[in-house]
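All remarks here apply to the structure that follows.
We count ligands from 1, going down the list as the structure has it; atoms in each ligand are counted the same way. Everything numeric here is computed off the predicted structure, so don't read it as measured data. The figures that follow rest on heavy atoms only: side chains count, while hydrogens, waters and symmetry mates do not.
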Amino acid sequence: MVNDNPAMIIAARGLVKSFGPIRAVDHIDLQVEKGEIFGLVGPDGAGKTTTMRMLATILPADAGAISVLGYDGRTEAERIKEHIGYMPQRFSLYGDLTVAENLEFYAEIYEVPRRLREQRQKELLAWANLSQHSYKQADQLSGGMKQKLALACNLIHEPAVLFLDEPSTGVDPVARRDFWRILFRLREEGATIMVSTPYMDEAERCDRIAFTYNGRILTCGTPAAVKNLFRGQLLLLRAETIAMLHAARDYLRREQLLADVLIYGDALHLVTDDALETARLLPGLLERQGIRVTHLQPIPPSLEDTFAYLVRQAGGFAGRESS
Ligand SMILES: Nc1ncnc2c1ncn2[C@@H]1O[C@H](COP(=O)(O)OP(=O)(O)OP(=O)(O)O)[C@@H](O)[C@H]1O
């Protein structure tokens with residue numbers, strides 16, 4: 001039995017999916033409790049979309065078992081579809097239809113009884129702050145409004161479980177915060193939400209996360225518990241110029257003086273066994289390479305540092321170069 005714990009709203013065991021030679025999902029197990037916001041977190045190509053599509057019963061798995069709301073993914077996919085909302089990465093709003101017409105369209109798709117539609121649409125428009133825009137064509141909305149309308153379309157049938165695939169991609173930070181406020185409200189109302197994201201600030205907002213990489217789950221837990229897995233000490237380093245920062249990264253990587261060297265915007269994160277000793281020796285060492293250090297201090301690990309650490313432990317490279 002894939003789900004022997006009734007508190008688990010979403011459960012997967014041994015999920016596998018390949019596309020030709022590519023193993024997109026490689027034996028994934030996960031369990032999501034009622035009322036959780038659960039994040040599938042990882043870089044492009046990690047397998048988040050494929051996992052979510054299997055859980056939403058849109059894509060058959062090659063192997064493994066799924067249960068959503070106690071329904072079996074193999075034999076009761078139609079029941080699952082009735083009770084979930086699934087918002088794919090490129091969710092189709094109809095640009096030439098108005099906001100209200102889009103909601104009506106999805107009410108039809110989700111077979112919401114006609115007598116309930118008007119009331120639900122009104123509530124959702126108010127709830128998403130879109131009431132004054134209901135006459136506008138979807139194409140005329142801002143990115144954040146489009147995203148809220150897309151979410152509203154997926155809530156028209158009042159699903160108990162929501163699958164949101166990278167809902168914040170391409171949305172500005174203010175709209176993203178706004179969107180998360182809506183997700184928190186949905187959680188309060190009892191919804192269970194699975195959201196995929198490559199962004200660590202979004203991962204921090206989840207109740208629990210699963211770090212995904214190369215089709216596998218590296219670890220799963222609360223953001224705080226996941227950060228606790230980091231081993232080593234971290235230093236943040238800034239240099240006089242960005243060119244010097246890059247030179248420092250190249251030098252430290254070449255000489256393999258540290259466990260890891262990652263660039264984060266205008267700073268390096270240095271992973272070391274002994275932060276004090278590294279901080280004592282490094283400025284002089286870099287000075288001799290013509291690199292002037294302006295800032296060097298110990299910092300606690302972020303989720304991003306922990307992800308890079310876990311990928312390293314798994315023998316991979318997180319590939320984070322956000323400079
Ligand atoms: N229909 C498909 N045909 C062939 N390969 C696919 C298909 N769908 C996904 N893949 C491959 O499977 C792997 C996982 O892709 P997936 O889209 O699940 O990852 P992701 O973590 O959601 O990343 P992204 O954010 O880029 O969508 C990738 O290597 C991808 O190229």
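If you look at ligand 1, the protein residues with a non-hydrogen atom under 4.0 Å away are Phe19, Ile22, Ala24, Pro43, Asp44, Gly45, Ala46, Gly47, Lys48, Thr49, Thr50, Gln89, Glu166.
Using a 4.0 Å cut-off between charged side-chain N and carboxylate O, Arg280 and Glu277 make a salt bridge. A salt bridge links Arg79 to Glu82: one of the charged nitrogens lies within less than 4.0 Å of a carboxylate oxygen.
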Please output the side-chain donor-acceptor pairs of residues 43-50 that fall under 3.5 Å, not counting sequence neighbours, one pair per line with the distance.
from  : atom 1 : to     : atom 2 : distance (Å)
Lys48 : NZ     : Gly42  : O      : 2.9
Lys48 : NZ     : Pro43  : O      : 2.9
Thr49 : OG1    : Gln89  : NE2    : 3.1
Thr49 : OG1    : Asp165 : OD2    : 2.8

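Annotation: ring-ring contact (aromatic ring centres under 6.0 Å, His included) contacts involving residues 25-56, sequence neighbours excluded, are absent. Within the structure, ring-ring contact (aromatic ring centres under 6.0 Å, His included) pairs that include any residue of residues 47-68 do not occur (at least two apart or interchain).
By the 6.0 Å and 45° rule, Arg176 stacks over the aromatic ring of Tyr199.
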